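Right, one structure below, let's go through it.
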Amino acid sequence: MDSTFLNKAAFAALLSFGAVFLSWTVAQGVIPHTEPLHPTFSVPDTEKIAIAPYMAQANAIRGADLAQQICSSCHAFVEGASDGVGPNLSGVSGRHIASAKGYAYSAALSGQNAHIWSDQALSDWLSSPARFAAGTKMSLMGISSPAQRADIIAYLHSLGDSGLPSSVSPQQGPS
Ligand code: HEC
């Protein structure tokens with residue numbers, strides 16, 4: 001290996017280092033360093049979604065099917081039926097959170113008793129019970145589709161509202 005070769009090698013290395021540095025500097029200048037104002041994507045259900053627009057399209061009959069599949073293993077829907085793993089859901093819409101008599105709620109949910117089960121509260125709850133009330137004993141991952149949540153909420157309305165008119169007769173769903 002003669003010194004000419006070493007010189008060439010050193011020169012080549014310097015040149016490529018220089019080239020990398022140059023392109024980095026140019027790129028820094030050309031590409032603006034901006035962070036998006038909003039995250040470009042969101043992990044499903046880490047954001048609250050306004051449910052009102054979905055309620056306009058909601059279908060209580062579809063909701064009854066979903067409730068039968070997803071909720072009925074833990075909840076009764078008929079007034080007067082005994083509580084299951086979870087409280088009886090008849091009349092839950094519009095009622096104070098964690099206010100069914102005789103049911104032993106978790107501290108996490110009882111802590112929210114001052115609030116009412118509005119459509120939005122029900123939607124937030126059903127999208128992720130654990131996020132709505134950390135430490136809740138309702139072990140449901142959550143329903144990610146807002147349209148499905150709206151259907152279920154429409155069905156819950158049909159089970160009798162505290163103060164709100166019923167749109168569907170209570171007999172139409174699972175019992
Ligand atoms: C694995 C059992 C289980 C399933 C499935 C389940 N729940 Fe629950 N649910 C519970 C339990 C337990 C509670 C009480 C939570 C607490 O005290 O923290 C509860 C509480 C609730 C409440 C609050 C009631 C109140 O009186 O404040 C609502 C509303 C509710 N569930 C709706 C639903 C709906 C709708 C579904 C189906 C989409 C569903 N749950 C599926 C177990 C379940």
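Start at 1 and go down the list; that is how both ligands and their atoms are numbered. Along the sequence shown, residues are numbered consecutively beginning with 1. Quantities reported herein were computed from a predicted structural model and do not represent experimental measurements.
Around atom 8 (Fe) of ligand 1, the protein N, O or S atoms found under 2.8 Å comprise His75 NE2, Met138 SD.
Distances below 4.0 Å separate heavy atoms of Arg95 from the following atoms of ligand 1: 25 (C), 26 (O). Listed by number with element, the atoms of ligand 1 under 4.0 angstrom from any heavy atom of Ser139 are 1 (C). For ligand 1, the atoms closer than 4.0 angstrom to any heavy atom of Lys137 are 12 (C), 15 (C), 16 (C), 17 (O), 18 (O). Annotation for ligand 1: atoms under 4.0 Å from non-hydrogen atoms of Ile152 are 35 (C), 38 (C). Each of the following atoms of ligand 1 lies closer than 4.0 Å to a heavy atom of Ile143: 38 (C).
Considering backbone and side-chain N/O atoms, Leu156 never comes within less than 3.5 Å of an N/O atom of ligand 1. Between His96 and ligand 1, a contact under 3.5 Å exists for no N or O pair.
Atom 23 (C) of ligand 1 has as its closest protein heavy atom Trp117 CZ2, 3.5 Å. Regarding atom 15 (C) of ligand 1, its nearest protein heavy-atom neighbour is Thr136 OG1, 3.4 Å. Ranking protein heavy atoms by distance to atom 26 (O) of ligand 1, first place goes to Tyr105 OH, 2.5 Å. Nearest to atom 5 (C) of ligand 1 among the protein's heavy atoms is Ile70 O, 3.2 Å. Atom 17 (O) of ligand 1 has Ser106 N, 2.8 Å as its closest protein atom, hydrogens excluded (heavy atom only). The single protein non-hydrogen atom nearest to atom 14 (C) of ligand 1 is Tyr103 OH, 3.6 Å, given as residue, atom name and distance.
The option from Phe132, Tyr155, Trp125 that lies nearest to atom 28 (C) of ligand 1, judged by heavy atoms, is Trp125.
Looking at residues two or more places apart in sequence or on another chain, you find a side chain to side chain contact (heavy atoms under 4.5 Å, CB included) between Ala147 and Tyr54, Ser145. For Phe132, the ring pair (Phe, Tyr, Trp, His ring centres under 6.0 Å) partners at least two apart in sequence or on another chain are Trp117, Trp125.
Only the side chain of Leu122 comes within contact range of ligand 1, with a heavy atom under 4.0 Å; no backbone atom does.
Residue pairs meeting the salt bridge (charged side-chain N to carboxylate O under 4.0 Å, His left out) criterion with at least one member in residues 18-27: none, sequence neighbours excluded.
Around atom NZ of Lys8, no more than 12 heavy atoms belonging to other residues, nucleotides or ligands sit under 6.0 Å away.
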Checklist entry - Is there a side chain to side chain donor-acceptor pair (under 3.5 Å) between Gln120 and Asp124 once you walk through the steps? => result CA-CA 6 Å; Gln120 188 62 50; Asp124 295 344; 3.0 Å; yes
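The main-chain N or O of Ala12 is found under 3.5 Å from a side-chain atom of Ser16 such that the two form a donor-acceptor pair.
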